[in-house]
Amino acid sequence: MGNILEIIGAVLVLLGSVFLFLGALGLVRMPDLYNRIQAGTKASTLGTFLTLFGLLLIIPEWWGKLVLLMTFILITNPVSSHVLARAAHYIKIPLTDKTVADLLNKEETTYKVNEEIKNE
Amino acid sequence: MVNTLLFISAIIILLAILLTFYRFIKGPTAPDRLVAFDVMTVSSLALIGLIAKFSSRIIYLDVAIVYGLLSFLGVIIVSRYFERGL
Amino acid sequence: MKIKNIAAIFLILLSIWILLNSQFQIEVMIIGVILSFVISIIMGSRITVFNELKFSFGSVFYTIWYLFVFLAELVKSNLDVARRVLTPSLPINPGIIKTKTVLKSKMGRMILANSITLTPGTLTVDIEDDILYIHCIDVCCEDIDKATAAIVDKFEKILVKIYG
Amino acid sequence: MVKNSLIFIVLIGFAVLLADLFVGFNGNTDLNTLANHYAVSGPEEVGSANLVTAVVVTYRGLDTLGEVTILFLAAAIVSFLLKVEAGASLNRKLRSTSEILDTASRILVPVIFLFGIYVFINGHLSPGGGFQGGAIIASGLVLMLLAQPAKEVGHKLITLVESISGISFVLIGVAGVLFAAGFLDNKLLSLGKFGTIFSAGVIPIIYIFVGLKVGAELSGIITNLHENQNEA
């Protein structure tokens with residue numbers, strides 16, 4: 001029984017590493033920053049998630065820290081890529097020529113004076 | 001059997017990190033490099049997990065948690081610096 | 001009102017402490033309870049995001065259901081990205097579009113934005129009150145209502161039951 | 001094209017360099033006499049599962065006190081050089097934080113604090129210790145300042161924590177002179193069962209104070225730097 005679990009875990013680890021590789025390939029092939037963020041974030045999140053989940057099946061005694069690490073990645077990874085995309089759009093990193101629409105009005109998000117932040 | 005599969009996965013992850021390193025050097029803009037850095041560190045977390053399994057030491061997972069925390073903070077600090085929010 | 005907030009932080013911190021130590025000795029538990037209590041009292045006034053949480057049997061059920069929906073979408077999104085990356089001609093049709101959400105609580109909006117970032121071909125670029133600006137790898141429609149129906153609705157209808 | 005091939009050459013150069021290091025590495029498996037002494041008698045004398053901690057806190061405890069003092073001096077000098085006039089607040093124009101980062105930071109900051117405390121409480125069992133835990137706590141403060149730049153941080157609390165933990169560190173050392181073999185002696189408390197959380201004499205207590213002190217000092221430096229970034 002334990003043996004089967006180990007093999008399933010190893011296959012999951014392999015699958016995760018393939019996703020990581022595809023994400024890296026997307027990072028190289030995509031034409032502009034925003035598409036690169038898309039390819040990179042999704043693939044690295046699922047890839048790392050699957051790898052750690054496979055390890056969890058192989059070594060069940062380590063469940064505590066592995067579960068913590070998986071939750072941590074699921075929360076922080078999308079947040080950091082959102083913050084990065086927001087900053088990049090603000091400093092006008094160009095979108096690719098294939099882009100069909102850009103509805104985010106740049107004039108709306110100008111500097112806000114600190115007083116406004118204080119009165120949250 | 002299991003160890004062979006894990007070893008192959010480790011090599012694939014290393015190749016992935018090498019590919020992101022290409023984007024890291026090439027750029028062309030600073031946010032591009034930051035994305036490459038982000039993907040690189042998150043892939044390294046998986047690699048650290050595998051290394052912890054190979055040497056069967058759970059303490060490496062603590063290292064992975066701290067590393068993930070620092071990379072998250074690093075990406076956010078640099079992005080906030082780009083948009084003048086620091 | 002405030003007790004609920006502090007209790008939620010306390011429970012989260014205590015479970016993280018248990019996960020970190022992954023052992024159930026009595027000394028470790030006592031230290032964990034004291035630490036979580038002190039931190040949740042100190043930070044309780046700063047962190048108000050848990051005030052909106054609804055504790056009920058239904059919300060637990062919907063949280064688990066949400067996790068399943070979300071994981072399925074995550075796998076789907078990765079297969080989608082993999083297909084696009086591996087096709088030599090790189091079939092993309094990107095753009096930034098507007099969508100709308102009915103969620104009021106901050107916590108619910110954060111989970112919604114994170115889920116959108118991790119699901120097929122979409123990335124939350126900015127959020128202003130109830131308008132989400134989303135970068136799509138494959139733009140379906142520039143109309144705000146159609147886009148909302150296509151991207152936001154499947155998560156929102158579950159989240160609205162948990163966070164309101 | 002030239003740029004691409006240059007990048008490849010740099011990458012291959014890296015690979016060759018690292019591969020050379022990797023192949024050429026054969027770990028030194030024999031310990032010299034000093035290391036051997038620590039490795040053999042450390043667990044019995046000190047009772048700490050983490051040998052590095054045994055060396056840092058017990059065999060070289062005075063050095064640790066010196067390091068903490070140096071950090072204290074650095075923090076004091078920074079706050080002296082960057083003195084803010086009372087009542088002068090931030091007058092920079094900042095871009096507001098996105099709501100998502102704000103919410104995420106509110107959830108993550110207490111978790112980071114808890115993790116920092118975990119690192120220094122378990123300093124005698126697992127890697128890490130006072131300095132590392134203190135640095136993690138300070139990084140939690142950085143996240144707080146990133147998400148809410150206009151928030152005031154309580155200087156009084158930071159100073160209070162810093163002074164109390166510094167004084168307690170020295171008092172434990174003095175207690176070692178009075179009740180045990182010497183300054184910062186470990187046998188002030190019983191060694192306990194090897195490998196549990198209450199073991200290794202006073203090492204955990206000293207590490208808690210070191211961690212709090214380092215965290216408070218680094219937080220002080222960060223808040224001072226943060227409050228002095230006025231736009232000229």
Side-chain angles (χ1 to χ4, degrees), chain A residues 3 6-7 9-11 13-28 32-33 36-37 39-41 43-45 47-52 54-55 58-59 61-62 64-66 68-69 72-73 75-77 79-81 83-91 93-94 109 111, chain B residues 1-6 8-24 26 28-32 34-36 38-50 52-53 56 58-59 61-62 64-65 68-69 71-76 78-85:
Chain A
N3 209 5
E6 279 191 1
I7 288 174
V11 171
V13 172
L14 190 68
L15 210 64
S17 63
V18 169
F19 274 124
L20 282 177
F21 183 78
L22 286 176
L25 199 65
L27 202 66
V28 172
D32 74 343
L33 175 75
R36 280 174 205 147
I37 296 179
T41 314
S44 64
T45 310
T48 311
F49 191 84
L50 279 182
T51 309
L52 296 176
L55 278 179
I58 297 173
I59 317 169
E61 306 92 72
W62 290 4
K65 276 172 190 167
L66 287 173
L68 197 65
L69 204 50
F72 185 77
I73 287 168
I75 295 177
T76 59
N77 219 1
V79 173
S80 65
S81 53
V83 173
L84 176 54
R86 188 170 180 262
H89 197 274
Y90 184 68
I91 58 172
I93 298 290
T109 55
Y111 290 122
Chain B
M1 171 68 185
V2 170
N3 271 325
T4 332
L5 276 178
L6 292 186
I8 295 170
S9 338
I11 289 174
I12 294 176
I13 295 176
L14 268 177
L15 281 177
I17 291 176
L18 208 68
L19 270 180
T20 54
F21 211 77
Y22 172 80
R23 178 53 73 196
F24 187 73
K26 187 158 182 245
T29 59
D32 281 304
L34 198 55
V35 180
D38 192 17
V39 176
M40 201 161 29
T41 41
V42 175
S43 317
S44 324
L45 291 189
L47 198 59
I48 293 176
L50 285 181
K53 156 80 178 83
S56 45
I58 189 172
I59 55 177
L61 292 182
D62 285 10
I65 295 176
L69 174 65
S71 91
F72 169 66
L73 271 179
V75 171
I76 284 183
V78 180
S79 338
R80 290 290 283 158
Y81 169 73
F82 285 151
E83 61 178 10
R84 302 195 61 200

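Both the backbone and the side chain of A:S17 have a heavy atom closer than 4.5 Å to some heavy atom of chain B. A:L55 touches chain B through its side chain: at least one heavy atom from C-beta onward sits under 4.5 Å away, while N, CA, C and O do not. In this structure, the portion of B:T29 lying under 4.5 Å from any heavy atom of chain A is its side chain and not its backbone. Residue B:A52 touches chain A through both its backbone and its side chain, counting heavy-atom pairs closer than 4.5 Å. With a threshold of 4.5 angstrom between heavy atoms, B:L50 approaches chain A through its backbone and through its side chain. With a 4.5 Å cut-off on non-hydrogen atoms, A:L25 touches chain B through its backbone and its side chain both. Of the atoms belonging to B:A36, heavy atoms from both backbone and side chain fall under 4.5 Å from chain A.
When all heavy atoms are compared, the tightest approach of B:S56 to A:W62 is C-CZ2, 4.1 Å. Between A:G40 and B:V39, the shortest heavy-atom distance links the atoms CA-CG2, 3.7 Å.
Contacts with chain A were tallied for B:I12, B:I13, B:I58; B:I58 has the most, counting heavy-atom pairs under 4.5 Å. Each of A:L52, A:L68, A:I59, A:L15 has some count of heavy-atom pairs under 4.5 Å with chain B, and the biggest count is that of A:I59. By number of non-hydrogen pairs under 4.5 angstrom with chain A, the leading residue of B:I76, B:L34, B:L47 is B:L34. Considering only heavy-atom pairs separated by less than 4.5 Å from chain A, the leading option among B:L73, B:V75, B:D32, B:L6 is B:D32. Of the listed residues (A:T48, A:V79, A:L22), the one with the most heavy-atom contacts under 4.5 Å to chain B is A:T48. When the candidates A:V83, A:L69, A:I91, A:V28 are compared by the number of heavy-atom contacts under 4.5 Å with chain B, A:V28 comes out ahead. Annotation: maximal heavy-atom pairing with chain B below 4.5 Å, among A:G23, A:A24, A:A43, occurs at A:A24. The candidate with the highest count of non-hydrogen atom pairs below 4.5 Å against chain A, out of B:I8, B:L69, B:V78, is B:L69.
Residues B:I65 and A:F72 fail the side-chain proximity criterion, which asks for heavy atoms closer than 4.5 Å. You'll find the side chain of B:D38 stays beyond 4.5 Å of the side chain of A:T41, heavy atoms only. When side chains are defined from C-beta on, A:L27 does not count as touching B:L19, because their heavy atoms never get closer than 4.5 Å. Using a 4.5 Å cut-off on side-chain heavy atoms (C-beta onward), B:V35 and A:L84 make contact.
Note that the CZ atom of A:R36 and the OG1 atom of B:T20 stand 13.0 Å from one another [nearest 0.5 Å]. Expressed to the nearest 0.5 Å, how far CG of A:L14 lies from OG1 of B:T4 amounts to 11.0 Å. The CD atom of A:E6 sits 8.5 Å away from atom CG of B:N3, with the distance rounded to the nearest 0.5 Å. The CZ atom of A:F21 lies 9.5 Å from the CG atom of B:L18; values are rounded to the nearest 0.5 Å. Here the CD1 atom belonging to A:I73 is positioned 9.0 Å from the OG atom belonging to B:S71, to the nearest 0.5 angstrom. Rounding to the nearest 0.5 angstrom, the gap separating the CD1 atom in A:I7 from the CG atom in B:L5 is 8.0 Å.
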